[in-house]
Amino acid sequence: MDYAASLLNHLPISRRGTGFKNLLGKIGYLAPSQLDIIVDAYEFGAQAHEGQRRYSGELYITHPVAVAGILADLHLDYQSITAALMHDVIEDTPMAKAQIADRFGQEIAGIVDGVSKLDQLSFDSRAEAQVESFRKMMLAMVEDIRVILLKLADRLHNMQTLGALPADKQHRIARETLDIYAPIANRLGVYNIKTNLETLGFQYTFPYRYRVLEKAVNKTRGNQRQLVRKISDRLSNTLDEIGITNQVHGRQKHLYSIYRKMLEKQRSLNEITDVFGFRIIVQSSDDCYRALGVSHTLYKPVPGRFKDFIAIPRLNGYESLHTTLLGPNGIPIEVQIRTEEMNRVAESGIAAHWQYKATDKQIIPPQIRAREWLKSITEMQSAANSEEFMEHVKVDLFPDNVYVFTPKGTIMRLPRGSTCVDFAYAVHTDVGNRCVAAKIDRRLVPLRTQIKNGTTVEIVTAKSANPDPRWVSFVVTAKARYSVRQYLKNLQHGEARDLGRRLLNQALRDAGSSLRKISRDRMKSILDELGMHDTNELFEKVGLGERLAPLVTKILLETPSTDSSGTTISSPIAIAGTENLIISYARCCHPIPGDAIMGYLSAGRGIVVHRTVCGNLSEFRKQPDKWIAVNWEEAIEREFSVEITAEILNKPGALAEIAARIGDSESNIEQVSIKDRQEEEYADLTFLILVRDRIHLAKVIRRIRSMPVVKKISRNCA
Ligand code: MN
């Protein structure tokens, strides 16, 4: 008696007769120590489900045991089998994930937990158009492919026992199986499970069609049996004769694929089942081609039907030769030729990479395994279809996207890393602009929270709310970023309006008037004269420097007041350093707080602040009405760029030394440029650094000047 079978004798009577004996019979391929763990997991599961029964009246534990059996048929590793025995424990019993992790380790607990998370998704009320998104969401939620394999096995057993459920449930679950689970099994290449899911799904979704078709197919098959026997013997014997070890199987199309072909091609049953299928299994890919040659000499091939999936494997790694022959009496014969290994991959797909191998010593993390699988099939792909491949397999298994539900159940796809704000903008720009809070699975979360696969996201909006400029720092979608920026741009107009109003009021006050003192009629006629719609437009233009406040004042008052020299006097505008959008600082002279400054009204840019010592001033002085007096407000809370140049001894490490010194002085370097001098031992280093004001700058310069490598240092000014 082998070890697996002997284990049963140690179990109490109450734990027998649940199908576990059958399972033990299937897992003889595992190592004894792994079998012990499986028995332990069975005990754990049986205890957790104690007293629970299925719809059919059977003990609940029979279900996990059967699911484990399906995975054992695929020869999956012991972790998968162990997890299968406990897969409904978290959901159905109070036992926590922590307990499983404690007793069986993180890896197995992770698989069980992954399955429980998938169970929480429900597709009931979702629109049909979203089926594809839902499948992707499921795959995206899973970090370990074994979770999907387990989920597929779970679904398969539920389908096998569906008869015990009420009819309406049967129909819903069967439909879901055809829509969601069978396509996933197909995509992962787990054909055994896929075929069974489809047959059962078909049976319960369209019971009547299924019965009629089944009857008709059985009848034709009965008639064909002898012919099938004859053809397969002929193929097999001929291969034997030339020394190719082979097995030839007559192949039956399963009902659902016959049904679908009839629908798709609008053909009658006879036209479809009149096709005989054979599978030839040989020992090497060389033999595959030789067997192909043999078949082509026995029966004439149908032109254009030969496909070489060994040279160019299918997207999921499927390899085989396909050909169609003209059999006795002109009956088409479909033949698949492959090796045993190819057959194993064809039947189990991605599961083949999770199969137990006694030689597997080290533990390979699940993601790496999945990547290996992916890599192995990428290498098999020709360059021609690799793009398509990426689209289908890679995108699903290693998704760059997250899939979430709206409160109404619509599935939204967003790039990985998206936050609640991205979600809000994806729903609608207005929702984004008005969002104030977010809920994930009905719990309030900060707006910057990243959204997770499979959750339901709800956005709370308020009519008066506006985008927060800080969102720009964390949103990841182009739409969200664009929308926030767009809002800020509009805000810039608002800021320009405010500045324009201030400028105009100031100019008016200098002239002994004010905006309030201008009558409505007067303002309206001036606006008409200037071709503007309203005062806001006027303010905005003034703020952006397109209209000059003193000139507008002159027009408004008709008799402007002047000083003795004829120049308009105005008191300076205070600069706080926060008017980023409407006040900028000249790059020629880099003014900083403490410098004497002047403002120049520039069309479209608002006020550009220059130092009064700036060399460019003489040119600008020719347009006196564009000048505006400005001064610094006290206590400015920001940093300004300023340019300094140091003449230094050109030796290794000098730059690093100075840079370090600048850093020590609480200043940051924005840019550095180096210019070699004629005299080779010296170089000019120019730094653009950030300082708070003149006092701060003086401190930085002092500290640099004290360095031995520095010959000279000064602030630059155009
Ligand atoms: Mn289950």
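If you read the sequence from its start, that first residue is 1, and numbering goes on from there.
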* To do: Report the relative orientation of the aromatic rings in Trp632 and Tyr585; use parallel for angles under 30°, tilted for 30 to 60°, perpendicular for over 60°.
  =>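 Rings of Trp632 and Tyr585: parallel, as their planes differ by under 30°.
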
Does [Y] offer a backbone N or O that forms a donor-acceptor pair with the side chain of [X] under 3.5 Å?
X	Y	answer
Asn505	Leu515	yes
Ser483	Lys479	yes
His49	Pro64	no
Arg146	Gln79	no
Arg448	Thr419	no
Gln170	Leu162	yes
Ser667	Leu690	yes
His87	Ala83	no
Arg522	Leu556	yes
Asn453	Tyr403	yes

Note, [X] side chain near [Y] side chain (heavy atom, < 4.5 Å):
X	Y	value
Leu152	Tyr181	yes
Ile90	Ile100	yes
Ile440	Thr456	no
Arg502	Asp498	no
Leu414	Thr477	yes
Thr406	Glu458	no
Asn536	Glu540	no
Asp693	Ile592	no

* **His696/Glu666 under side chain to side chain contact (heavy atoms under 4.5 Å, CB included): CA gap, chis, key distance, verdict** => CA-CA 9 Å; His696 187 194; Glu666 291 164 13; 4.3 Å; yes

* Asked: Of all residues at least two apart in sequence or in a different chain, which pass the salt bridge (charged side-chain N to carboxylate O under 4.0 Å, His left out) check with Glu537?
  ->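 With neighbours one apart ignored, the set is Lys541.
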
* Asked: Between Gln450 and Ser418, does any side-chain donor sit less than 3.5 Å from a side-chain acceptor?
  ->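 On atom types as modelled, these side chains do not qualify, holding no pair under 3.5 Å.
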
* What pairs with Phe104 under ring pair (Phe, Tyr, Trp, His ring centres under 6.0 Å), at least two apart in sequence or on another chain? ->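 Phe104 satisfies ring pair (Phe, Tyr, Trp, His ring centres under 6.0 Å) with Phe44 once adjacent residues are dropped.
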
Within the supplied structure, the quantity of interest is the number of heavy atoms (other residues, nucleotides, ligands) at a distance under 6.0 Å from [X] [atom1]; does it exceed 12?
X	atom1	value
Lys452	NZ	no
Ile695	CD1	no
Arg413	CZ	no

* **Residues Arg172 and Asp168 bridged, charged N to O under 4.0 Å** =>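 No, no charged N to carboxylate O under 4.0 Å.
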
* Show your working on side chain to side chain contact (heavy atoms under 4.5 Å, CB included) between Ile148 and Leu118 and close with a plain yes or no. => CA-CA 9 Å; Ile148 287 284; Leu118 286 187; 4.2 Å; yes

* Give the minimum heavy-atom separation between Gly599 and Val630, together with the two atoms involved. =>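 Smallest interatomic distance, heavy atoms only, reads N-CG2, 3.4 Å.
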
* Over all heavy atoms of both residues, which pair between Val147 and Gly110 is shortest? Give the atoms and the distance, please. =>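 The pair with the smallest heavy-atom distance is CG2-O, 4.5 Å.
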
* To do: Might you work through the salt bridge (Lys or Arg N to Asp or Glu O under 4.0 Å) test for Lys524 and Asp521, ending with a clear yes or no?
  => CA-CA 5 Å; Lys524 196 180 175 309; Asp521 288 346; over 6 Å; no

* May I have all residue pairs that pass side chain to side chain donor-acceptor pair (under 3.5 Å) and include part of residues 424-433, sequence neighbours excluded? =>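 Sorted pair list: Tyr425-Asn433.
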
* Step by step, would you call Val445 with Cys420 a side chain to side chain contact (heavy atoms under 4.5 Å, CB included)? -> CA-CA 9 Å; Val445 296; Cys420 296; 3.9 Å; yes

* Asked: What do you reckon, are the aromatic ring centroids of His590 and His610 less than 6.0 Å apart?
  ->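 Ring-ring flag for His590/His610: false, centres at least 6.0 Å apart.
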
* Asked: Ile108 and Met86: side chain to side chain contact (heavy atoms under 4.5 Å, CB included), yes or no, with the steps?
  -> CA-CA 9 Å; Ile108 287 166; Met86 303 183 286; 3.7 Å; yes

